[in-house]
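Each remark here refers to the structure printed beneath this line.
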Amino acid sequence: MRLPETFYLRSNVVKIATELIGKLLVTEFDGIRTSGIIVETEAYAGTTDKASHAYGGRRTSRTEVMYMPGGTAYVYLCYGIHHLFNVVTNVQGIPHAILVRGIEPLDGIDTMLARRGKEKLLPALTAGPGALSEALGIKTTHTGINLLDNKIYIEDTGIKITRSSIIASTRVGVAYAGADALLPYRFHLKDNKFVSKGKGL
DNA sequence: CAAACGATTTTCT
DNA sequence: GAAAATCGTTTGG
């Protein structure tokens with residue numbers, strides 16, 4: 001079942017980040033469905049979070065998408081190479097976002113292998129934010145699209161994730177954020193092979 | 001208009 | 001384990 005708009009419009013971005021664990025991230029481009037179970041996320045809490053692109057209420061042409069209503073995709077280029085996929089949450093005007101850092105491949109694995117130039121299904125196929133975006137065919141051109149449409153969306157497959165199987169830790173690559181770098185805003189499934197390496201666990 | 005840098009991944013030693 | 005690859009966005013002149 002497709003997640004409804006109300007799922008994304010809520011205000012507790014950290015809670016939503018934990019709830020996304022175990023959901024299915026799906027893309028459908030050119031009639032080809034590719035998908036994977038979300039196993040790792042990071043919350044970015046808008047204007048009060050130094051690690052967020054929208055810290056201090058900053059608005060630029062790139063970050064403008066973060067101010068759209070929850071349920072919008074925010075995709076941007078990092079290190080000139082990698083397309084990073086985020087889910088915008090909260091109501092219009094509040095720039096919350098959740099970075100998806102790892103998925104466990106489910107549908108269209110052949111297509112994902114081809115997109116990544118890989119032969120075998122190894123964790124490197126979709127472990128890491130840049131890797132999973134490439135596998136799913138997500139590019140910066142998709143920033144701003146609505147997750148209630150049929151190109152990129154998230155499904156609840158009904159699988160249960162127990163609270164004890166979700167591990168909280170600090171976010172990756174945000175050392176510049178000072179005290180906010182210490183916030184436990186990264187979440188991942190315990191013992192899952194498709195969790196990114198980041199900085200160890 | 002020029003310069004620095006990054007919510008990363010891959011490759012080489 | 002260390003370093004390179006690579007370019008749009010942001011910031012400063």
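Numbers restart at 1 for each chain; the letters A, B, ... are given by sequence-line order, proteins then strands. Only this structure's heavy atoms are used, side chains among them; waters, hydrogens and symmetry mates stay out.
- To the nearest angstrom, P of B:dA7 lies 11 Å from CG of A:N86.
- Here C:dG8 sits opposite B:dC5 as a Watson-Crick or G-U wobble pair (both hydrogen-bonding atom distances under 3.5 Å).
- Here C:dG8 presents its C1' atom at 14 Å from OH of A:Y79, a figure rounded to the nearest Å.
- For A:R115 and A:E134, the salt-bridge test fails: no basic side-chain N is under 4.0 Å from an acidic carboxylate O.
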Full working for side chain to side chain contact (heavy atoms under 4.5 Å, CB included) between A:T72 and A:Y8: CA-CA 9 Å; A:T72 301; A:Y8 304 106; over 6 Å; no
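- With B:dA7, C:dT10, B:dT8 as the choices, the nucleotide that has an atom nearest any side-chain atom of A:S61 turns out to be C:dT10.
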Test side chain to side chain contact (heavy atoms under 4.5 Å, CB included) applied to A:Y185 and A:D49, step by step: CA-CA 11 Å; A:Y185 281 3; A:D49 181 356; 4.3 Å; yes
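- For A:R116, whose side chain is taken as the heavy atoms from C-beta onward, the closest listed nucleotide among B:dA7, C:dT9, B:dT10 is B:dT10.
- Rounding to whole angstrom units, NZ of residue A:K139 and C1' of C:dC7 are separated by 16 Å.
- Computed from coordinates, the A:R171 CZ to B:dG6 P distance equals 15 Å when rounded to whole Å.
- A:K23 and A:E19 are not joined by a salt bridge, as no carboxylate oxygen comes within less than 4.0 angstrom of a charged side-chain nitrogen.
- Note on A:H53: a side-chain N or O is less than 4.0 Å away from OP1 or OP2 of B:dA7.
- Across all strands, A:L84 comes closer than 4.0 Å only to sugar-phosphate atoms, never to a base (heavy-atom distances).
- Backbone-only contact: A:A131 has heavy atoms under 4.0 Å from sugar-phosphate atoms and none from a base.
- Both A:V174 and A:K118 lie close to DNA chain B; mapped to their nearest nucleotides by heavy-atom distance, the more 5′-ward contact belongs to A:V174.
- In this structure, A:R58 forms no cation-pi arrangement with A:Y55, as its terminal cationic atom is not both closer than 6.0 Å to the ring centre and no more than 45° off the ring axis.
- Checking C:dA5, C:dC7, B:dT9 against the side-chain heavy atoms of A:L77 singles out C:dC7 as nearest.
- Within the structure, every side-chain polar atom (N or O) of A:R58 is placed at least 4.0 Å from both OP1 and OP2 of C:dT10.
- The distance from atom CD of A:E134 to atom P of B:dT10 is 8 Å, rounded to the nearest whole Å.
- In this structure, NE2 of A:H82 is placed 16 Å from P of C:dT9, rounded to the nearest angstrom.
- In this model, the phosphate group of C:dG8 is not approached by any side-chain N or O of A:R62 to a distance below 4.0 Å at OP1 or OP2.
- Regarding A:K197, its NZ atom lies at a distance of 14 Å from the C1' atom of B:dT10, rounded to whole Å.
- Checking the phosphate oxygens (OP1, OP2) of B:dA7, a side-chain nitrogen or oxygen of A:Y176 falls inside 4.0 Å.
- Here A:Y76 does not pack flat against the base of C:dG8, since the 5.5 angstrom centre distance and 30 degree tilt limits are not both met.
- A:Y74 has its OH atom 9 Å from the P atom of C:dT9, to the nearest Å.
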